[in-house]
Amino acid sequence: MQKDIIHLRAPRGWINDPNGFIYYKGTYHLFYQNFPYAPRWATMHWGHAVSEDLVHWEHQDIALFPTKYEDQNGCFSGSAIEHDGVMNIFYTGVHYDKINPEDTHMCLDDEFQSAQLRITSEDGIHFDNFRDKQVIIPAIEDAEIGDRTHTRDPKVWRGSDAWYLVLGSSTADRKGELLFYKSMDLEKWEFVNAASTEEPLGWMWECPDYFETEGGEVLLVSPMGIGAEGTGEKNHTVCMKVRFDEQNCSMEFAKEYRYMDYGFDLYAPQSTTDADGKRVMVAWLRMPVPFEEGRIGMYCLPRLVEVKNDHIYFKPHPNVEQLYSRRITDIMQADPAGYRVSLDLNDGERINVGGYQIWREGNRILTDRTDVFPACENRENFCMQSKTPELKDGFHLDVYVNRNVIEVFVNHGEYVISHAVYGCKWQIDAAEEKQMELYTLA
Ligand code: FRU
């Protein structure tokens, strides 16, 4: 099977959201939204890769593909859990109301239905797409509960007394919301409650991911239609502290949310617990054009999610740090797969990483990728300049550089700016006296 290192990419075609991320029987499984036949979004399949350490991946056969009425037009995002040694996958199946004669992969007039399905596997590798799919939550008919069309992306977890499932949805007056379900046996699911922020946030919530960490409970969610001026795309992932009450499946949301990543390319993250029980997530890097013939999109470095003093940190997973640990003195010694440069920035200082600019202005870090971004049709969907909110913990940067993605971790994950780049040169320009440490793959 084909191998891949760090930034996971589909072997062929298109990739979007990470799905079914799980540490199962001693191996990491990462599934993903995939269209293998062309580098564009179309009828969704679940691609699949496995890893022992989150950084070296081995591609597997496609795990899920349409076979039923309910998922005829795509196997959308979902999650995985283990129960009694069996991998259980929950995902959204979509069925278009009308066929688009010009392009059967695209829906006409946004008219389709979404149902939630389950499929199991004894080994995490083999899935019986023809016989083993089961509809657990049919398309919603009651508009008071949720939207027939825009309800998707089940994330399942084990609570203290039952299994819980959250879906992203949209209210009758077009506000993003969550729907909570409960089950004792993973087969019969009962709708319990809906929840949303007091202030509406976008018109639909995609890919909700709720989990507990030592420092508190966290919700990662990707509302559609919140894009602020200058952030390109209108759909962005936010994170916030929340409180979930199992009794009635109610959720309290912190007053404030912030973005998961200030580069605004990353979207639809999914998390799981790693071999040490820590919370690790990956997210999809939206790319404007293929990075190589026939292949578009990739994942960010796996990141630990931690809450300290009420702040949500996203920092490189320890296995990533370990991988980028061979000290070098010259960038020419760097592995073709990438390097890390670590430094502290004084006010006004700037470095240029192969055409990608990073500088400090007062209490913020800013970046500009204008010179390493293609002149493409959809350029306006991407933001060229990014900046962090005001920093509190210093001005330390760990910049992970790869041919097609630059990830700037500020103060060990206080904030992160991640950007897709093209034609980035293998060089760093900075003031001569600037102290920097360079590391490459061990
Ligand atoms: C997010 C998303 C999900 C959906 C999937 C379809 O990027 O729109 O809500 O399940 O992608 O590919």
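Atoms within a ligand are numbered from 1 in the order they appear, just like the ligands themselves.
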Please find out if less than 6.0 Å separates the ring center of F244 from that of F180.
->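 For F244 and F180, the ring centres are under 6.0 Å apart.
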Between H29 and H48, how do the two ring planes meet: parallel, tilted or perpendicular, split at 30° and 60°?
->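 Rings of H29 and H48: parallel, as their planes differ by under 30°.
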Note, Y415 side chain near R258 side chain (heavy atom, < 4.5 Å) |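 Heavy-atom side-chain distance check passes, below 4.5 Å.
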Given R286, which of I296, N235, N16 fulfils the side-chain contact (heavy atoms from CB on, under 4.5 Å) condition?
->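 Answer after filtering I296, N235, N16: N235.
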Got the residues with a heavy atom under 4.0 Å of ligand 1, by chain and number?
->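 Only N16, D17, Q33, W41, M44, F76, S77, R152, D153, E206, Y267, W284 have heavy atoms that fall under 4.0 Å of ligand 1, ordered by chain and number.
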Checking side chain to side chain donor-acceptor pair (under 3.5 Å) against K133, which of D128, T120, D71 comes through?
->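 Of the listed options, the one satisfying the test is D71.
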Quick one: which residue pairs count as a side-chain hydrogen bond (donor to acceptor under 3.5 Å, both in side chains) with a foot in residues 209-223, not counting sequence neighbours?
->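 As it turns out, the side-chain hydrogen bond (donor to acceptor under 3.5 Å, both in side chains) pairs with a partner in residues 209-223, which skip direct neighbours, are K155-D209, D209-S271, Y210-E217, S222-T237.
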